[in-house]
Amino acid sequence: MTAPSRTDTPDGTGQPGTGSLPHFPMVIDGQRVQAASGRSYQTVDPFVGEPWATAADADADDVDLAVSAARRALSGPWGKLTGFGRARLLRRVGDIIARDADYLAELETRDTGKLAREMRGQLAAIPEWFYYYAGLADKLEGSTIPVDKPNFLVYTRLEPAGVVAAIVPWNSPLLLLCWKLAPALAAGCTVVAKPSDYTPISTLELAARVEEAGVPAGVFNVVTGFGPAVGKALAAHPGVDKIAFTGSTRVGAEVARAAAANITGTVLELGGKSAHVVFADADLDAACNGIIAGVFAATGQTCMAGSRLLVDRGIHDQLVGKIVARAETIKVGDPTATETEMGPLANEPQYAKVLSFFSSAPAQGATVATGGAAVTSLGGYFVLPTVLTNVSPDMTVACEEVFGPVLAVIPFDSEEEAIELANGTRYGLAGAVWTKDIHRGHRVAHALKAGTVWINAYRVVGPDVPFGGFGLSGIGRENGIEAVREYTQTKAIWVELSGGTRDPFTLG
Ligand code: NAD
């Protein structure tokens, strides 16, 4: 099995687009371009573990071109559009994505190994982000402020933040990009997107559709390549006004350091170690279903994975029994087959990381209730859905993000202990409370340190509901009205009404 390779091109010439694999060039200023260096790399289908396409291996020179194009576009026809005009274009982008959803979903499955039905579901939902933000593009209202100075009219304007760098991971490439792109365009910004080196193709194909909708050249640019080269150059570029990053906490901190040097604002959506808190009165079938959705859907490769199960000791064995029974019926295999429930992990490093937890967790004292092994008979990067019991809160698997189908189960004896355990990590992305007691449900939801808490549900999101993390899970919010504000800056305008003058040596 081959990881994406920097040096190999399909025909070994080192030149893009000349081999047997399809080549997808970058999109900068409306042009299809190769990396300035001429280099390309292969992207791998994780189901078969073989390269299937090539993309440009960009570096700082290409980033420079893309950021310059995005900056020029701010003062071109795009910058002159009203909110109504941007809204019309956003609706068209949504319509075109809806038209081509199956094709884009197919590319996503090819690059990520995620289930075709999951990616079709995501692609069917993505247009809603464009429609929702189209609805806000013409409602970005400032305010008039009734200041304590009768000779002044003071009002505010929400102006576009400027050039946005959108850096995204490999697990849901288009969904996570569109969480940034739709509100950024609604606010009047221009965007340079940097997809993960593992999953560049769908983003490049999205760019063609944004162009088809009539969005002017330079408004949406895509640079492809590796994080330490192209991602780093983009995050550090002084021409970028806002960075919207989704990815690991480690890289998020690097991005924040680069941003600090230029005083660039950031929205950071980072990792998580989210907890299900299941009380004895919960509907255990519903809880089991939510827990399965939380940690085994998408092969556990979601930031909001409910990877810790905190369960009332009195129902521990009963609930674990249900989860193990369901986990053992999960159909692992070809992500394009309709009956498959869990596909492969998306890449070799991720596969190696999950396997390392399979050895370290039992070594630290956890018991493998089910799973805990690779599925070598399938080729690709397959592992079994895994449930670990006898986990203590200080074990690595209880503290660190696995980003794979691994559930760590910890019992509790009281509500207070459950809350303490749930809040006992530095992450704070999401969580769930399972109970039929309405008072307890809200009480515990309020006590959890997390950006999203579901009560008797899991893994539900929408364009209209803010999403983001506490603590190491991030800064800022995506989705909802809050997200579009992330891509604006407020300007206050003071208008002197009397025509008089005042003492120039005192503050007004
Ligand atoms: P990653 O942090 O390795 O990479 C994310 C992106 O950053 C990629 O495009 C990568 O090429 C780029 N990058 C790498 N080094 C860089 C650098 N020095 N400067 C700038 N960019 C750089 O993450 P990943 O492995 O692609 O994705 C998995 C991680 O993403 C997990 O930790 C997961 O929790 C997180 N994630 C978070 C959310 C959320 O909304 N909170 C959603 C999905 C994934």
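Nothing fancy with the numbering, it's 1 onward along the sequence. Every number for a ligand or one of its atoms is a count from 1 in the order of the listing.
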In ligand 1, which numbered atoms sit nearer than 4.0 Å to a non-hydrogen atom of [X]?
| X | value |
| --- | --- |
| D197 | 11 (O) |
| I167 | 6 (C), 7 (O), 9 (O), 12 (C), 21 (N) |
| E254 | 18 (N) |
| L176 | 42 (C), 43 (C) |
| N171 | 43 (C), 44 (C) |
| G231 | 19 (N), 20 (C), 21 (N) |
| L429 | 41 (N) |
| F467 | 40 (O) |

Answer yes or no: does an N/O atom from [X] fall short of 3.5 Å to an N/O atom of ligand 1?
| X | answer |
| --- | --- |
| R250 | no |
| L270 | yes |
| K194 | yes |

Identity and distance of the protein heavy atom lying nearest [atom]:
| atom | result |
| --- | --- |
| atom 16 (C) of ligand 1 | V251 CG1, 3.4 Å |
| atom 36 (N) of ligand 1 | C303 CB, 3.5 Å |
| atom 28 (C) of ligand 1 | F403 CE2, 3.7 Å |
| atom 2 (O) of ligand 1 | S248 OG, 2.6 Å |
| atom 31 (C) of ligand 1 | E401 OE1, 3.4 Å |
| atom 13 (N) of ligand 1 | G227 CA, 3.4 Å |
| atom 6 (C) of ligand 1 | V168 O, 3.6 Å |
| atom 25 (O) of ligand 1 | W170 NE1, 3.0 Å |

Considering G247, G272, G468, which one's heavy-atom position lies nearest to atom 35 (C) of ligand 1?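 Considering heavy atoms of G247, G272, G468, the nearest to atom 35 (C) of ligand 1 sits in G247.
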Can you tell if the side chain of I28 reaches within under 4.5 Å of the side chain of V223, non-hydrogen atoms only?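 I28 vs V223: side chains touch.
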Residues in ring pair (Phe, Tyr, Trp, His ring centres under 6.0 Å) with Y487, at least two apart?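 Result, ring pair (Phe, Tyr, Trp, His ring centres under 6.0 Å) vs Y487: none returned.
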Sub-4.0 Å heavy-atom approach of [X] to ligand 1:
| X | result |
| --- | --- |
| W179 | no |
| F245 | yes |
| P195 | yes |
| S196 | yes |

Looking at T340 and V332, what are the two nearest heavy atoms and their distance?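 Closest approach of T340 to V332, heavy atoms only: CG2-C, 4.3 Å.
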Looking at every heavy atom in both A166 and K180, which two are closest together, and how far apart are they?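 That closest heavy-atom pairing would be CB-CD, 3.9 Å.
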Any idea how [X] and [Y] line up, ring-wise: parallel (<30°), tilted (30 to 60°), or perpendicular (>60°)?
| X | Y | value |
| --- | --- | --- |
| Y458 | W454 | tilted |
| W179 | W129 | parallel |
| Y351 | Y381 | tilted |

In chain order, what residues pass the side chain to side chain donor-acceptor pair (under 3.5 Å) check against R477, with sequence neighbours excluded?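 With neighbours one apart ignored, the set is empty.
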Within a reach of under 6.0 Å around CZ of R426, are more than 12 heavy atoms found that belong to other residues, nucleotides or ligands?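 At most 12 heavy atoms, drawn from other residues, nucleotides or ligands, come within 6.0 Å of this atom.
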Specify whether the nearest protein heavy atom to atom 4 (O) of ligand 1 is under 4.0 angstrom away.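 Looking at atom 4 (O) of ligand 1, one finds that no protein heavy atom lies closer than 4.0 Å.
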